[in-house]
Amino acid sequence: MAENESNIIGHLIEVENLAASVTENAEEQALKKINTVKAQAELDYHEKFSAQVKELENSFNERAAKIDENIKNELSTYKEEISKSPLDTASFNAFMDKLISEKKAVHL
């Protein structure tokens, strides 16, 4: 009877070892799958993120170029208008003299 019990205990230990091995193997495979899926998800994320960044940069650069062009056009128009305006140096000089006189009067 002791031999039978010993065989049963030995068999149970073998079954337990087999179950532990199967469980360990399943955990390893699950971890491999998780890591593979995680790595692919990260690649997908970075790919989409990079595409979005590129799209936003292109949009920004296009808008910045349009704004720069508008500024150049407005500045050019302003310079043309200024260059066509007659200079009134007599009025300018009179205005400057007035400002200087007022400043002197304040300091006295």
Scan [range] for pairs that pass side-chain hydrogen bond (donor to acceptor under 3.5 Å, both in side chains), counting only residues two or more places apart or in two chains.
range: residues 65-90; answer: Asp88-Ser91
range: residues 16-28; answer: none
range: residues 34-61; answer: Gln40-Asp44

- request: To the nearest 0.5 angstrom, please state how far the CD1 atom of Ile8 sits from the CG atom of Asn4.
  value: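 That separation rounds to 4.5 Å.
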- prompt: Going from CG on Leu18 to CD1 on Ile13, what distance comes out if it is rounded to the nearest 0.5 angstrom?
  reply: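 With rounding to 0.5 Å, CG (Leu18) is 13.5 Å from CD1 (Ile13).
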message: My understanding is that a hydrophobic cluster links ILVMFWY residues whose side chain heavy atoms are under 4.5 Å apart, including indirect links. Using that, what else belongs to the cluster containing Phe95?
response: Phe92, Met96, Leu99
query: Which ring-ring contact (aromatic ring centres under 6.0 Å, His included) pairs, counting each pair once, include a residue from residues 9-32, with sequence neighbours left out?
result: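 Output for this query is empty, none listed.
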task: Under the side chain to side chain contact (heavy atoms under 4.5 Å, CB included) rule, collect the residues that match up with Ile67, sequence neighbours excluded.
output: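 Per chain and number, Ile67 pairs via side chain to side chain contact (heavy atoms under 4.5 Å, CB included) with Ile71.
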field: More than 12 heavy atoms of other groups within 6.0 Å of Leu31 CG
entry: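 Count over threshold, so yes.
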